[in-house]
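Written below as structure tokens is the structure these notes are about.
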Amino acid sequence: MKFGTKVIHAGVAPDPTTGAIMTPIFQTSTYVQKSPGQHKGFEYSRTHNPTRDALQKSIAALENGKHGLCFSSGMGAIDALIKLLSPGDEVISTNDLYGGTYRIFTKVFAKYGIKFHFVSMDDPASIEKYINDKTRLIWAETPTNPMMNIIDIKALAAIAGKHDLLLGVDNTFATPYLQNPLDLGADLVMHSVTKYLAGHSDVVMGALVVNDDRLAEDLAFIQNSCGATPGPQDCFLVLRGIKTLHLRMERHCQNGKTIAGYLRHHPKVDKVYWPGFEDHPNHDIAAKQMRDFGGMISFSIVGDKQEDAKKVLENLHYFSLAESLGGVESLCGHPASMTHASIPKVEREKVGLTDSLIRLSVGVEDAEDLKNDLAAALELI
Ligand SMILES: *Cc1c(COP(=O)(O)O)cnc(C)c1O
């Protein structure tokens, strides 16, 4: 099945009792048993729910994986994944990463004795010096948030394989439409489903996809034991959102290209970070591992003043100032004070996350209107 067919058909089938083409919302916490232990594979909805099962199959298929697991948020998915580890274990993570991930690593799991190294993965070979006999996991995000760096997943997978480590990739920004980390050698793919997969800014959810049966079993045990599972309504909304993922992504990519090109020639804009530019430092890897370049763009303003960034953000109309990304509507944000406020200033400036940096999630509106919106706001500074 090709991608555009998978988003419509994978994991779902007409309801056997009614023929309903849409997977019903099984709004139930429990299932009746004929006699103790005699049931149809469903006992309690924390463990299994038919709406969630359909969604898990759908997301697994999109990532070319065998097993999908959904969680009540992206952070719930990361939480479950780190619970595979034990005190004393070490993780090597990208240094340019989602603020909430940095927070759960440093403020939650560090105190349970798990050690995290935050390193640049521009040159994957350079991470080998952090590997020792306690290292268990390499954690990468690509494109990174918000600097749009690209990490070579295949090269990381080679290092992980050589040292018998797990490689986990946060694929939220790229989506399975643009890149499939499992095909490139990763062991675990994570999604904040909240973003592009759901696509309509109406659900918070997370997912993990793996191929290994044992890993899937361990994660299902954690999913059920810790209980961060999504409800059936939300699973239904995501199943519905996924049906247009390919159409939305096509437009996100087109609009991203138009807006990145426009900003790049604007006299008040300093740097534009978008992996589709041929002079982006990792453009070659992006072109190799991604099918297109997406609709996420960051840019800084000449003079790097936070007031200028604020003025632009306050005066955009079609780009709403809000946390999150990946919905049909365009959003803008100020990483230094919003998504990445939990990362110390010295740390964030090391990766280029400066005070005037603005992050755009370019939606699927008419690109001409989006361009005009940016032009009018930039005019005011
Ligand atoms: C939003 C996000 C998360 C966290 O997901 P939630 O659904 O908000 O819990 C993790 N990684 C990335 C890249 C994100 O954008």
Side-chain angles (χ1 to χ4, degrees), residues 55 59 63 68-83 91 93-109 116 118 121 137 139-151 153 168-179 181 186 188-209 223 226-231 234-235 237-238 241-242 249 252 273 275 290 294-298 322-327 331-335 338-343 348 351 353 357 359-363:
L55 176 61
I59 294 178
E63 282 293 6
L69 298 108
C70 288
F71 296 86
S72 50
S73 68
M75 293 322 301
I78 293 177
D79 177 70
L81 185 154
I82 300 298
K83 284 173 177 162
V91 178
S93 163
T94 334
N95 59 353
D96 170 17
L97 100 155
Y98 178 69
T101 308
Y102 180 81
R103 183 175 56 195
I104 196 173
F105 287 176
T106 56
K107 299 273 166 65
V108 180
F109 283 112
F116 296 88
F118 297 95
M121 292 187 177
L137 170 72
W139 180 253
E141 240 180 78
T142 180
T144 63
N145 177 20
M147 301 312 301
M148 311 302 153
N149 288 317
I150 302 295
I151 296 169
I153 299 173
V169 176
D170 182 336
N171 205 29
T172 301
F173 269 40
T175 81
Y177 175 83
L178 294 179
Q179 126 191 322
L188 299 125
V189 178
M190 174 262 160
H191 280 283
S192 170
V193 173
T194 315
K195 317 293 169 52
Y196 287 104
L197 291 185
H200 296 75
S201 309
D202 51 7
V203 177
V204 172
M205 197 189 290
L208 295 175
V209 181
Q223 182 192 39
C226 300
T229 50
D234 283 353
C235 292
L237 285 171
V238 175
I242 281 176
M249 285 309 294
H252 282 299
Y273 302 92
M290 298 169 74
M296 295 302 299
I297 301 166
S298 292
E323 305 263 6
S324 202
L325 60 110
L331 298 181
C332 59
H334 184 241
M338 296 168 69
T339 46
H340 291 64
S342 54
I343 299 182
R348 64 174 166 80
V351 298
L353 204 167
L357 194 83
R359 189 189 78 181
L360 301 178
S361 168
V362 181

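Atoms within a ligand are numbered from 1 in the order they appear, just like the ligands themselves. Everything numeric here is computed off the predicted structure, so don't read it as measured data.
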Output the distance between atom CD (Gln223) and atom NZ (Lys83), rounded to the nearest 0.5 Å.
12.0 Å
Atom 7 (O) of ligand 1: nearest protein contact (heavy atom, Å)
Thr194 OG1, 2.6 Å
Under 4.0 Å to a heavy atom of Met205 - the qualifying atoms of ligand 1, by number:
7 (O)
Under 6.0 Å from the six-membered ring centre of Tyr98 and within 45° of its axis: does the NZ or CZ of Lys195 meet both?
yes
Return the residue, atom name and 0.1 Å-rounded distance of the protein heavy atom closest to atom 13 (C) of ligand 1.
Asp170 OD2, 3.3 Å
How are the rings of Phe105 and Phe116 set to each other: parallel, tilted or perpendicular (split at 30° and 60°)?
parallel
At a non-hydrogen distance cut-off of under 4.0 Å, which region of Val193 contacts ligand 1 (side chain, backbone, both, or neither)?
neither
Of Glu323, Met190, Met296, Lys195, the one whose closest heavy atom lies nearest atom 1 (C) of ligand 1 is Lys195
Identify, for atom 10 (C) of ligand 1, the protein heavy atom at the shortest distance, and state residue, atom and that distance.
Tyr98 CD2, 3.4 Å
Could you identify the single nearest non-hydrogen protein atom to atom 5 (O) of ligand 1 and state the distance to 0.1 Å?
Ser192 OG, 3.0 Å
For the pair Ser361 (side chain) and Gly326 (backbone), establish whether a donor and an acceptor sit closer than 3.5 Å, ignoring hydrogens and angles.
yes
Spacing of Ile59 atom CD1 and Ile242 atom CD1 [to the nearest 0.5 Å]
4.5 Å
So if I apply the side chain to side chain contact (heavy atoms under 4.5 Å, CB included) rule between Phe173 and each of Thr142, Leu178, Thr144, Asn145, which one comes out positive?
Asn145
Between Tyr196 and His252, does the ring centre distance come in under 6.0 Å?
yes
Check ligand 1 against Gly74 and write out every atom of the ligand that is under 4.0 Å from a heavy-atom position of the residue.
5 (O), 6 (P), 7 (O), 9 (O)
Enumerated ligand 1 atoms positioned under 4.0 Å from heavy atoms of Met75
4 (C), 5 (O), 6 (P), 9 (O)
Can you list the atoms of ligand 1 that are under 4.0 Å from a heavy atom of Leu325?
15 (O)
